[in-house]
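Taking it in order: structure first as structure tokens, then the write-up.
Basis for what follows: all heavy atoms, side chains included, without hydrogens, waters or symmetry-related copies. One-based numbering, in listed order, for ligands and for the atoms of each.
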Amino acid sequence: MKNTTEVLIIGGGIAGVSTLYHLTQMGWTDVMLTEKLELTAGSTWHAAGNLPHFSNSYNIMKLQQYSISLYAKLQQENEGGVSHHQTGAVRLAHTQDRMDEFERVVAMGEMAGLRLEMVDTDRLKELYPHLNTEGLLGGMWDPDDGHIDPTTITNAMASRARAAGATIIRQNPVESIEQQPNGRWKVTTAKGVIDAGIIVNAAGFRANEVAKMVGHQLPMCSMEHQFVVTDNVPELEKLDHMIPMLRDPDVSYYLRQEGKGLILGPYEPGGIPWATDGVPAAFGQELLAPDLDRIEEIMCTAMEQIEMIGTAGIKTVVNGPITYTPDGHPLIGPVHGYDNYFVCTGFNFGIVQGGGAGHFMAQWIVDGHPELDLFELDPRRFGDYANHEYTVAKATEVYANEYQLGYANEYAMRPAMRDQKTVPALLRQQQKNAVCGAYFGWERASWFAPEGQPAKEVHSFRRGNWFEAVAEECRLVQEKPGLSTFPRLPSLRSAVTAHTTGWNLFP
Ligand SMILES: Cc1cc2nc3c(=O)[nH]c(=O)nc-3n(C[C@H](O)[C@H](O)[C@H](O)COP(=O)(O)OP(=O)(O)OC[C@H]3O[C@@H](n4cnc5c(N)ncnc54)[C@H](O)[C@@H]3O)c2cc1C
């Protein structure tokens, strides 16, 4: 076995393999990946493989856009070796707020160069004839959405990385890690010791085992997630093409064609964290026990909307662990307090994000920074407050809110694990009717509601109930000395922009 390398990636899921591939694309060929079992053996092999561009974050949209175009390119170059289906996808809106959210994302998509468009119910019916549009206001259409077989794309990147000179060692778990005085790493694996200049922790739901070997803990845990695969659906057997994907965020599920059947994946409230005290040592390429009761209600609503779902029996239920961080975004980049150590993990949408994550990870390593400011993915966005208890509670909350409307400030005002860090003035601020949120663990005033009104933000994509109160505060500190909740902002306009974009400026 090769025993020295410039970069050693730990974990052969889509994130690790994509990082390896992108390093070789940037000209670094003395690079190595070690995998405990087989490539894709963690969460990657059983993912549904859905590939949305949709995101409320511009950076994540760009990252997903990169993945999807990379996968399309690799499919072309692999002449059928990669199973990628660009079926297009509709998203349904039951409320005006959901339509507002789609408008915002469509505008962001335009900036990113995507072909997202708003659609009315007639167009929805045209795009998805099996849909009952009763109760819908309209939706969104992305012609370039689709799905991929996660194993074929991971293998395609792995074989390209190998061809460029990278080394992949399978059946080789990392057992211990020690940093040498010269900053290099001594990594002990089942097959021998590897001397590595840089290490990348891409160990998926075992990333905290690897982190512990280095001497720290990552704010991530796993949640159970299930999807149901149906038998052949007679309606689909008649077609010679694949129907688009469908997502109903208000009911909280995705639906796509799989062969001549369907995959239905709900995100249910009351999600179940998995193996929070550590993944059992013997857990390998396995699934978890199905529990249809948890997702039954969502499935029944889906069947009312798309009758053909109910015309086929259930072939399989896939229940697997997905990693979640406290804010639902992955951890990509260096870890505070360590040299030559990066993480690329914590993905709940690792298939659609894996390609872009590997691209940015390789840029972090080779150039010292990625081409975009990826603060919202940087592991250093969390502090010590994001301990084990915090992480499990927030991850459970994020799972239940997977399809929550992407309002500014909504996340900061969610109830789980508030008051992690408080300043002495907080009580007095609350007595003055402060509407509080949690920012980097700090419980702080976001704005002050007028006397006699509830200290609660009514979220909206339009001017919310905060608008007049924030405007008044800005007017006052423009005209008189004072301490605003937006102290560094010179004008009313920028303060309002800050509020609507959810910037978290001050503890
Ligand atoms: C039911 C289900 C459906 C999903 N559907 C989608 C979807 O439609 N779209 C989407 O984008 N995402 C989806 N996901 C999420 C997706 O599967 C994951 O986000 C993604 O696979 C994570 O990839 P990864 O490389 O980070 O981790 P993993 O695939 O888990 O890879 C980590 C690897 O590290 C290895 N490893 C662990 N410890 C060590 C060690 N000590 N030494 C060496 N190697 C080690 C493991 O064996 C494993 O192979 C789904 C997940 C589930 C469970």
N or O contacts of ligand 1 with protein under 3.5 Å, please list pair by pair.
residue	atom	partner	partner atom	Å
ligand 1	5 (N)	Ala48	N	3.0
ligand 1	8 (O)	Gly49	N	3.1
ligand 1	8 (O)	Asn50	N	2.8
ligand 1	8 (O)	Asn50	ND2	3.3
ligand 1	9 (N)	Asn50	O	3.2
ligand 1	11 (O)	Phe349	O	3.3
ligand 1	11 (O)	Ile351	N	2.9
ligand 1	11 (O)	Val352	N	2.9
ligand 1	17 (O)	Ser43	O	3.2
ligand 1	19 (O)	Phe347	O	2.9
ligand 1	19 (O)	Gly350	N	2.8
ligand 1	21 (O)	Thr44	N	3.2
ligand 1	21 (O)	Thr44	OG1	2.9
ligand 1	23 (O)	Thr44	OG1	3.4
ligand 1	25 (O)	Ile14	N	3.2
ligand 1	25 (O)	Ala15	N	3.0
ligand 1	29 (O)	Ser43	N	3.2
ligand 1	29 (O)	Thr44	N	3.0
ligand 1	29 (O)	Thr44	OG1	2.5
ligand 1	30 (O)	Ser43	N	2.8
ligand 1	41 (N)	Val174	O	3.3
ligand 1	42 (N)	Val174	N	3.0
ligand 1	44 (N)	Lys36	N	3.0
ligand 1	47 (O)	Glu35	OE2	2.7
ligand 1	49 (O)	Glu35	OE1	2.8
ligand 1	49 (O)	Glu35	OE2	3.2
ligand 1	49 (O)	Gly42	N	3.3

| message | Could you check, using the six-membered ring where one of them is a Trp, whether Tyr338 and His216 have ring centers closer than 6.0 angstrom? | response | yes
| task | Tell me whether the centres of the aromatic rings in Tyr267 and Tyr253 are closer together than 6.0 Å. | result | no
| message | Holding to side-chain hydrogen bond (donor to acceptor under 3.5 Å, both in side chains), I want the full list of residues that pass it with Arg256, two or more places apart in sequence or in another chain. | response | Asn50, His147, Glu258
| In chain order, what residues pass the side chain to side chain contact (heavy atoms under 4.5 Å, CB included) check against Pro244, with sequence neighbours excluded? | Tyr128, Trp141
| query | Ion pair present between Arg170 and Glu38, side-chain N to carboxylate O less than 4.0 angstrom? | reply | yes
| Sequence neighbours excluded, which residues qualify as side-chain hydrogen bond (donor to acceptor under 3.5 Å, both in side chains) partners of Thr5? | none
